[in-house]
Amino acid sequence: MQSHDTVFALSSGRPPAAIAVVRVSGPQTADALAALIGRVPKARHATLATVREPASREAIDQAVVLWFPGPGSETGEDTAEFQLHGGRAVIAAVLKALASVPGCRMAEPGEFTRRAFHKGKLDLTRVEGLADLIAADTDAQRRQALSHLKGLLGDRAEGWRRRLIEAQALVEAGLDFSDEGDVPAGLLAPALAQVTVLRDEIRRALEDGGRGERLRDGFVVAIAGPPNAGKSSLLNRIVRREAAIVSPIPGTTRDVVEVHLDLRGQPVTLLDTAGLRDTDDPVEQEGVRRARERAGGADLVLWVQDAQDRTEVPPEDIRHRAWTVSTKIDLAGARGPAESRIAGRQFFTSAVTGDGIPELLAALQAEAEAQVGVGEPALVVRARHRVALEETAAALDRALAQRTGSDELVAEDLRLAARSLGRLVGRVDVEDILDVIFRDFCIGK
Ligand SMILES: Nc1nc2c(c(=O)[nH]1)N(C=O)[C@@H](CNc1ccc(C(=O)N[C@@H](CCC(=O)O)C(=O)O)cc1)CN2
Ligand SMILES: Nc1nc2c(ncn2[C@@H]2O[C@H](COP(=O)(O)OP(=O)(O)OP(=O)(O)O)[C@@H](O)[C@H]2O)c(=O)[nH]1
Ligand SMILES: [K+]
């Protein structure tokens, strides 16, 4: 990854498209503009230009071209943009023309953003917010991602880190003053008071029930129950397409079928699973194993049973997170609520008539909202954030517990806490984390 290279990539979606955006970033960007359009246009103004093959001068396209000189650009480097007609041949010819400019090469996934990070345009939490914004499927996910791109967590963490370093400086100054390794109380007391406040703020941020992570991943609902109960039919009716195979043969569904719903902004992942029963068929056994595993990990289980045959109860481990859905009420006749053998809510549906489905979806939406939450965006949205903040708080706990012991150790714990916050925003130990994050990035971002 040589950052003195100039990189380029198609940043817009899969061609053919009405318009395609090719971006260029790096020191040779002005050369690339000169080679392809014969000039460097006015900074940050859209300019219409003929894009030519540099060697033959043959016209490739009529394009809108933009020049963003660094450091006031998205990556912090000199950048340019070609807004082309989005045909495959146009894009291929422009990419080929750019590759012929000395010092220019195709970008790797996430390389523009990686450069923005290294130029200090984005901290690591903003980079993650950007990745989440591109991945967001629903409004609630989009809002959370945008608030992180705008620095919700990054700025908080930087503020904590700054205050921590102030406290650390007090303690270390005290250590320098004293011969016996004891910090004068006049320095130690205000430092530790500051540390207590910080520790409490960080702990409070962590006590969010995991709603940020849950919104990012989507609220997971597993459909489980005995074979032939109508699980796949229920799923298909909800998504209004044949996502899962329906048949009168018990044991049809083997693999877990996953669909994504947007219930008024709340992301819900719905899983259809194999009917739970004892079976000698090894493939079906594997299906049952997967069904139990996914139901075990779900936020909520819809225990589906045929309204005419409500004898099966959910396995012990999922009972406390299960609602019952009695299906095929078009056949069952009267939809009298039977005695409830499990505590959760009860629904009565027909995949044939659609009865009961709107009520079920409204309840799922409300439950997702209750568990994921609306309102204040969450600070912690990834396991990585949680780990870094837990480590910080634990180090601060240790520092506070040391107050009667060695002040050298207090200083050391404050250093460790600051380091964990530094890791959170990407100031230290960053390369391994970057590789993991950018592995999932699109080319051109
Ligand atoms: N055509 C186009 N649309 C796009 C992007 C792009 O690169 N090209 N973006 C790509 O992500 C997003 C917009 N993000 C951007 C972020 C920063 C700057 C930028 O020039 N920042 C400078 C100057 C800021 C200012 O004028 O206030 C800077 O940060 O110094 C541009 C786009 C979404 N839409
Ligand atoms: N009349 C009626 N038939 C239904 C309804 N839901 C499902 N069925 C029928 O019940 C049978 C089983 O449906 P599936 O949706 O495949 O059941 P499943 O629970 O996914 O079955 P497994 O894959 O064996 O676990 C099929 O013949 C469906 O047509 C319903 O609401 N009304
Ligand atoms: K099925």
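- For the atom pair CZ (Arg345) and OG1 (Thr324), the distance works out to 10.5 Å, reported to the nearest 0.5 Å.
- The two residues Ala378 and Leu152 come nearest to each other via the heavy atoms O-CD2, 3.6 Å.
- In this structure, Leu153 CG and Glu128 CD are separated by 8.0 Å, a value rounded to the nearest 0.5 Å.
- In this model, a donor atom of one side chain and an acceptor atom of the other lie less than 3.5 Å apart for Ser350 and Asp330.
- Arg289 is not listed as a side-chain neighbour of Gln285, based on a closest heavy-atom distance of 4.5 Å or more.
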Q.
Run Leu364 and Trp323 through side chain to side chain contact (heavy atoms under 4.5 Å, CB included) and show every step you take.
A. CA-CA 10 Å; Leu364 282 178; Trp323 293 353; 3.8 Å; yes
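- Atom CD1 of Ile134 and atom OG1 of Thr113 lie 6.5 Å apart (nearest 0.5 Å).
- Taking every heavy atom of both residues into account, Phe112 and Ala107 meet most closely at CE1-CB, 3.8 Å.
- The nearest pair of heavy atoms linking Ala131 to Arg382 is CB-NH2, 4.2 Å.
- Using a 4.0 Å cut-off between charged nitrogen and carboxylate oxygen, Arg427 and Glu158 count as a salt-bridge pair.
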Q.
Quick one, Glu412 with Arg415, criterion salt bridge (Lys or Arg N to Asp or Glu O under 4.0 Å). Give me CA distance, side-chain angles, the key distance, then yes/no.
A. CA-CA 5 Å; Glu412 176 60 16; Arg415 263 194 297 277; 2.9 Å; yes
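- At a threshold of 4.0 Å, the pair Glu390-Arg203 counts as salt-bridged, since one of the basic side-chain nitrogens sits closer than that to a carboxylate oxygen.
- Phe441 has its side chain within reach of Val127: a pair of non-hydrogen atoms, C-beta onward, lies under 4.5 Å apart.
- In this structure, CD on Gln305 lies 11.0 Å from NZ on Lys231, to the nearest 0.5 angstrom.
- The heavy-atom pair separating Ala418 from Ile165 by the smallest distance is CB-CG1, 4.4 Å.
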Q: Show your reasoning for whether side chain to side chain contact (heavy atoms under 4.5 Å, CB included) applies to Leu409 and Arg398.
A: CA-CA 9 Å; Leu409 291 177; Arg398 284 197 308 273; over 6 Å; no
Q: Could you walk me through whether Leu434 and Leu124 pass side chain to side chain contact (heavy atoms under 4.5 Å, CB included), step by step?
A: CA-CA 8 Å; Leu434 280 182; Leu124 201 51; 3.7 Å; yes
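- For the atom pair CZ (Arg163) and CD (Gln194), the distance works out to 5.0 Å, reported to the nearest 0.5 Å.
- Among Arg143, His148, Gln144, Lys150, the single residue meeting the side-chain contact (heavy atoms from CB on, under 4.5 Å) criterion with Leu146 is Lys150.
- More than 12 heavy atoms of other shown residues, nucleotides or ligands fall within 6.0 angstrom of atom CZ in Arg277.
- Contact check on Arg290 versus Glu293 returns no salt bridge, with no Lys/Arg side-chain nitrogen under 4.0 Å from an Asp/Glu carboxylate oxygen.
- When every heavy atom of Thr6 is checked against every heavy atom of Gln28, the shortest pair comes out as OG1-N, 2.7 Å.
- Here the CD atom belonging to Gln365 is positioned 12.5 Å from the CG atom belonging to Leu360, to the nearest 0.5 angstrom.
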Q. Please walk me through it: do Glu367 and Val221 pass side chain to side chain contact (heavy atoms under 4.5 Å, CB included)?
A. CA-CA 11 Å; Glu367 186 67 17; Val221 179; over 6 Å; no
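- Side-chain contact, Ser232 with Asp272: a donor N or O sits under 3.5 Å from an acceptor N or O.
- At least one side-chain heavy atom of Leu396 sits under 4.5 Å from a side-chain heavy atom of Leu414.
- Screening Lys121, Lys119, Arg23 for a side-chain hydrogen bond (donor to acceptor under 3.5 Å, both in side chains) with Glu74, the sole residue that qualifies is Arg23.
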Q. For Thr273 and Arg294, what are the C-alpha separation, side-chain angles and deciding distance, and is it a side-chain hydrogen bond (donor to acceptor under 3.5 Å, both in side chains)?
A. CA-CA 8 Å; Thr273 63; Arg294 296 301 287 273; over 6 Å; no
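- The heavy-atom pair separating Val7 from Arg115 by the smallest distance is CG1-NH2, 3.4 Å.
- In the model, Asp123 has a side-chain atom that pairs as donor or acceptor with a side-chain atom of Thr125 under 3.5 Å.
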Q: Check step by step if salt bridge (Lys or Arg N to Asp or Glu O under 4.0 Å) holds for Arg114 and Asp435.
A: CA-CA 10 Å; Arg114 198 187 264 262; Asp435 286 340; 2.8 Å; yes
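- The pair Asp155-Arg126 counts as a salt bridge, with a side-chain nitrogen and a carboxylate oxygen less than 4.0 angstrom apart.
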**Q.** Step-by-step salt bridge (Lys or Arg N to Asp or Glu O under 4.0 Å) determination, Asp208 to Arg386
**A.** CA-CA 11 Å; Asp208 58 2; Arg386 193 166 293 284; 2.8 Å; yes
